[in-house]
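Working notes, structure below.
Residue numbering restarts at 1 for every chain, and letters A, B, ... go by the order of the sequence lines. All values below come from the heavy atoms of this structure, side chains included, with hydrogens, waters and symmetry mates left out.
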There are 2 protein chains.
Amino acid sequence: MKRRTDLFTGQPLDEHPRPRERADAAQNRARILTAAGKLFAARDPREVTMDDVAKAAGVGRGTLYRRYPDTASIAQALLDEHERALQARLLRGEPPLGPGASPAERLAAFYASMVELLDAHIDLVLGAEAGSLRYATGAYGFWRAHVRSLLVEAEAGDPDALTDVMLAPLAPEVYAEQRRRGLTPQQVSAALSGLAHGVLRPPPGSRRAAPGGRGRGGRDVGKRE
Amino acid sequence: MKRRTDLFTGQPLDEHPRPRERADAAQNRARILTAAGKLFAARDPREVTMDDVAKAAGVGRGTLYRRYPDTASIAQALLDEHERALQARLLRGEPPLGPGASPAERLAAFYASMVELLDAHIDLVLGAEAGSLRYATGAYGFWRAHVRSLLVEAEAGDPDALTDVMLAPLAPEVYAEQRRRGLTPQQVSAALSGLAHGVLRPPPGSRRAAPGGRGRGGRDVGKRE
DNA sequence: GTACGAACCGGACGAGATGTCCACTTAAGG
DNA sequence: CCTTAAGTGGACATCTCGTCCGGTTCGTAC
């Protein structure tokens, strides 16, 4: 992964060997990102071409390629801040999403947040995956690590095999198709929540301690009588 | 959807206005499919171009485009027979896969068969989906209908939203990534089986799972009071 | 066996996208 | 100012796509 992930803001993050970005360069970067954002939102993100972005931003091809090798990278840069925000909340946020809740609840909360993110930026997410390089992206590695740790904590089957399975429904194409068919974000979230609770549940009769005995608390306790 | 799905065999299916395929045409079709099959297997299926196929098959571009609008269609034609076979077994096959078993078992069996198919023809499946037109394909509609009926039978939450979710792990990119990471088909099958049983766990004594919010459906009741 | 029309073939062609290259411009520091 | 190097933009060569059409071959009727 390139360390040039600070493409978005431009001014912060002047690393050691990096002299500092010139003013005109920073302005062009901003123009590129702004113009690209509009293009992605306006038409099918997968149809946006490097030429389009260059023209819309009012810069030459060379200038564009200087920073971004393809349109997917541009979309990724636009998406970056949102993903970082979610990542932070996963690590240090309030319980349903952050540490403290049961694995099933945390997974369900993660699903809900991802659905929010997909819904808000479906154009960017689609645009960022031209060519299914999805699994090469840094963000995907993070999601995987997170989900995997939840699976391990819940002792739910083979974590290695299950992780990608549990992440698969979050593929942007899947969500886009669901929306296209008329499903609401709430419906999708609910279905994913059901998935989370279905899989991260101790098999009945298993002698294994209820995973996170403290965990599954909330719900069952509330429900029981 | 084009009705030209009989591209593969060539000789059967002579519809009303279709006179019959000429001998030279049939031969070219065979050459195209043979050559394309080798190309798909030899390199990244998504990199195979129409030019490549034409050259490898020893036919001109025009001849190729006469039958197949793009490489995805060629891969689809090669895949067709295998998918049909599986579809037949789903409808009329022996119990674990066909009718007779519980929804969870049938879903697990379906997963296992799909993993087999993916593993045997991962190159074709990847090649058939250039551009995520996956959801437009006839086969996907069939898988969806099948899974949906199982979900309905098991009364597992909102079938509309859950169907695509349950189908998502079968996306070829997901499976390819899992194999790339060293997982065996058996591991993946096992994980999917766990998924099937986790989600389609029959809610004992429950009339119905609450489909709505937070997927609590079936869970609490199932977990016995 | 021959002749004819329809189906078929294959390569040329134009449009459009990609990624690179390099002469020119301009910001930033002395 | 004046120097330096980062930054710029558009031309270029290449590739792929999809279509078009003159020429060829099959299948059939005679």
Is any side-chain N or O of B:Thr63 closer than 4.0 Å to OP1 or OP2 of C:dC8? no
Expressed in angstrom and rounded to an integer, what is the separation of B:Tyr68 atom OH from D:dT16 atom P? 21 Å
In whole angstroms, how far is the C1' atom of D:dT19 from the CZ atom of B:Arg67? 17 Å
Could you pull out every donor-acceptor pair under 3.5 Å between side chains of residues 107-118 of chain A and any protein atom, sequence neighbours left out?
residue  : atom : partner  : partner atom : Å
A:Tyr111 : OH   : A:Met166 : O            : 2.6
A:Ser113 : OG   : A:Ala109 : O            : 3.2

Please check if the side chain of B:His146 supplies one atom and the backbone of B:Phe142 the other of a donor-acceptor pair under 3.5 Å. no
Is there a donor-acceptor pair closer than 3.5 Å between any side-chain N or O of A:Arg106 and the backbone N or O of A:Pro96? no
To the closest 0.5 Å, what do you measure between CD (B:Glu129) and OH (B:Tyr140)? 10.0 Å
Counting primed atoms, P, OP1 and OP2 as sugar-phosphate and everything else as base, the B/S/- map of nucleotides 13-26 of chain C against protein heavy atoms under 4.0 Å is ----SBBBB----B
By side chain to side chain donor-acceptor pair (under 3.5 Å), A:Asp119 pairs with (sequence neighbours left out) A:Tyr175, A:Arg179
Rounded distance in Å - CZ (A:Arg31) to P (D:dG9): 7 Å
Please list all pairs meeting salt bridge (charged side-chain N to carboxylate O under 4.0 Å, His left out) that have one or both residues in residues 54-63 of chain B, counting only residues at least two apart or in different chains. B:Asp51-B:Arg61
Donor-acceptor contacts under 3.5 Å from residues 38-45 of chain B side chains, at least two apart:
residue : atom : partner : partner atom : Å
B:Arg43 : NH1  : B:Asp52 : OD2          : 2.9
B:Asp44 : OD1  : B:Arg46 : N            : 2.9
B:Asp44 : OD1  : B:Arg46 : NE           : 3.3

Atom CD of B:Gln27 to atom C1' of D:dT24: distance rounded to whole Å? 15 Å
Distance below 4.0 Å between B:Asn28 side-chain N/O and C:dC8 OP1 or OP2: no
Which angle, rounded to 10°, do you find between the first-five-pair axis and the last-five-pair axis of the helix from C:dG1-D:dC30 to C:dG30-D:dC1? 10°
Length of the NZ-C1' vector between B:Lys55 and D:dT16, whole Å: 11 Å
Pair A:Gln76-A:Glu83, side-chain donor/acceptor within less than 3.5 Å: yes
